[in-house]
Number of protein chains: 2
Amino acid sequence: MESIVHKIRFLQDSMGPAEKRIADYILSHTGEILPLSISTLASACGCGDATVVRFARRLGLEGYQEMKLRLAAELSATSTLSAEIQRQDSCLEIFRKRMGEIQSSLAATESVLDPEALDKAAKAIMRSERIVIFGLGNSAAIAQDAAHKFLRLGLCAQSVCDNHMQAIVASHLRRGSVAVGISHSGASRDIVEALRLCKICGATTVAITNYGEAPIVEASDIALFTKSDETEHSILAMSSRIAQLAIFDSIYTYIVLNSDKAARQAIANTEFALQNKKY
Amino acid sequence: MESIVHKIRFLQDSMGPAEKRIADYILSHTGEILPLSISTLASACGCGDATVVRFARRLGLEGYQEMKLRLAAELSATSTLSAEIQRQDSCLEIFRKRMGEIQSSLAATESVLDPEALDKAAKAIMRSERIVIFGLGNSAAIAQDAAHKFLRLGLCAQSVCDNHMQAIVASHLRRGSVAVGISHSGASRDIVEALRLCKICGATTVAITNYGEAPIVEASDIALFTKSDETEHSILAMSSRIAQLAIFDSIYTYIVLNSDKAARQAIANTEFALQNKKY
DNA sequence: AATAAATGAAAATAATTTTCATTTGGAGCA
DNA sequence: TGCTCCAAATGAAAATTATTTTCATTTATT
């Protein structure tokens with residue numbers, strides 16, 4: 001199940017001029033296609049009806065009808081972002097609108113995430129003998145959450161959220177360790193420095209950031225990018241933080257699925273150990 | 001913009017028998033309507049084509065076509081939860097599937113969240129002279145993140161993630177303070193005890209949990225519920241954690257929007273103070 | 001029995017798909 | 001270079017299919 005819009009973009013170059021016009025038109029007027037009949041669309045693109053049908057078939061669909069249905073489905077999935085949060089909104093309305101932002105940020109992150117880098121990071125963490133995760137401010141909570149996850153798996157993980165401690169810990173890492181630095185801006189001085197130090201000491205370094213050009217990227221062996229469009233009120237980069245959480249969660253899940261019985265046992269042990277903390 | 005399915009359910013009773021059959025059929029075969037032509041559907045419902053058109057018009061739509069488009073859009077919004085995470089999935093595929101879980105958990109949370117309780121909690125926090133947030137394990141990261149947010153607003157907030165400290169801090173609260181306890185299960189002994197103590201001391205207590213019957217609810221003045229369907233691999237209640245984050249984010253945003261200039265200035269000051277921590 | 005609402009068959013309209021003749025852009029060759 | 005041939009691409013129109021409208025009939029209600 002793939003996105004039609006993606007597919008159009010992908011196949012665009014292998015099309016003849018008339019079909020390419022259709023592709024262009026749909027990509028630039030995606031939202032306005034739905035009410036158009038095939039002949040309206042065809043004449044808007046200066047081509048015959050048949051070409052539109054062929055175009056739909058090329059996308060692997062039954063015909064124009066199905067294309068419209070699929071587009072409708074996709075648009076609804078994408079267009080939750082419409083609503084701007086307003087001053088008089090109730091808290092629940094804000095929640096609802098935030099949901100949309102979260103969703104679109106996750107979708108954007110999915111499209112920029114490098115699949116190989118992600119797998120590589122997961123494998124490195126799974127096999128490492130020690131994992132340290134650096135975060136400050138905003139990102140400290142994420143670092144802590146990630147460490148918590150990995151600890152439950154029985155891995156030797158630790159979050160370090162104090163810039164002095166980060167320097168100290170970094171300087172004692174070695175080959176076989178993995179260091180993860182989290183910084184939305186990618187420009188957090190202490191995090192970047194710590195990661196550089198880790199690299200010098202031979203550890204594998206992973207960066208999680210929102211910006212491709214950021215200093216933190218150079219200090220990392222593996223870079224994982226989130227994506228969020230910061231609007232006025234998302235000063236705290238809320239949705240990029242959720243994308244970060246989701247990245248760690250995927251890595252966690254990947255490790256659970258790909259590790260031996262021992263790791264599963266470790267999870268069970270954790271559960272058991274926590275049982276008597278509850279009513 | 002209302003849901004077609006909702007509308008059908010709502011209008012169902014005011015319809016004649018033939019239209020009601022259509023309503024029944026659509027409600028019980030929602031997913032299978034899309035490829036059907038109007039006459040196929042009509043004969044499946046034992047009625048004429050015209051009745052189907054009338055049915056669509058009654059829903060406020062142009063005709064059968066538009067109804068199908070709307071249904072397609074709605075279905076896609078609902079049916080993201082389909083994919084189970086599999087052992088051989090790549091990390092990115094896991095990410096993609098997690099996105100769906102997050103989305104459906106947020107939607108479920110939105111539907112169980114009590115709007116008044118949420119506004120009440122936000123107002124209590126906005127006006128309080130001191131805010132403490134309790135979390136342990138999983139929830140510690142959320143508590144920390146929330147405290148971080150409120151601190152940026154210039155509020156007197158603090159996360160406490162050590163059960164001794166929780167008891168100590170709780171015992172010193174008083175009227176005008178707000179205590180927030182986060183526990184997915186709602187049964188975390190230390191959190192519940194701390195919250196009880198807070199209540200005795202006169203503080204306003206807020207609980208964030210996934211279960212309506214949980215002990216933590218009784219210890220709270222205001223209860224906010226998340227909702228997540230825990231499947232096999234969501235042991236760590238990932239998606240409920242995201243719902244918790246989103247709740248705090250909504251509260252944060254609400255406060256930003258509803259407070260005076262001073263709070264906005266506080267945010268700006270925070271940004272400024274952090275500037276020289278970056279490259 | 002009178003009336004209004006509901007309904008479906010069939011006609012009218014509209015949309016989509018198929019067919020097929022024409023065009024277009026090379027590739028091969030003298 | 002100019003020519004022929006071929007395959008791919010294209011659109012007009014025909015054929016098919018789907019949707020909508022009309023209107024006579026049925027059904028329920030007063």
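Letters go in sequence order (proteins before strands), and every chain restarts at 1.
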Salt-bridge contact [X]-[Y] (side-chain N to carboxylate O under 4.0 Å):
{"X": "A:Lys20", "Y": "A:Asp13", "result": "no"}
{"X": "B:Arg70", "Y": "B:Glu74", "result": "no"}
{"X": "A:Asp114", "Y": "A:Lys120", "result": "no"}
{"X": "B:Glu101", "Y": "B:Arg98", "result": "yes"}

Looking only at the side chains, is there a donor atom on one of B:Thr253 and B:Ser250 sitting less than 3.5 Å from an acceptor on the other?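 Looking only at side-chain atoms, B:Ser250 and B:Thr253 do not form any donor-acceptor pair under 3.5 Å.
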
Can a side-chain donor-acceptor contact be found between A:Asp221 and A:Thr204 if the only test is distance below 3.5 angstrom?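 No donor-acceptor contact under 3.5 Å links the two side chains.
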
Taking heavy atoms of chain B and a 4.0 Å limit, find me the 5'-most and 3'-most nucleotide of DNA chain D within that range.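 Endpoints of the contacted stretch of DNA chain D: D:dA18 to D:dT22.
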
Side-chain donor/acceptor of B:Asn210 to backbone N/O of B:Lys227, under 3.5 Å: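 Yes.
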
Taking A:Arg21 for its side chain and A:Cys45 for its backbone only, find out whether a donor-acceptor pair lies under 3.5 Å.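 Checked: pair present.
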
What parts of residues 44-65 of chain A reach DNA chain D, counting only heavy atoms under 4.0 Å away?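 By residue number: A:Gly46, A:Cys47, A:Gly48, A:Ala50, A:Thr51, A:Arg54.
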
Whole-Å distance separating the [atom1] atom of [X] from the [atom2] atom of [N]:
{"X": "B:Lys20", "N": "C:dA6", "atom1": "NZ", "atom2": "P", "value": "11 Å"}
{"X": "B:Asp13", "N": "C:dA6", "atom1": "CG", "atom2": "P", "value": "14 Å"}
{"X": "B:Leu69", "N": "C:dA15", "atom1": "CG", "atom2": "C1'", "value": "13 Å"}

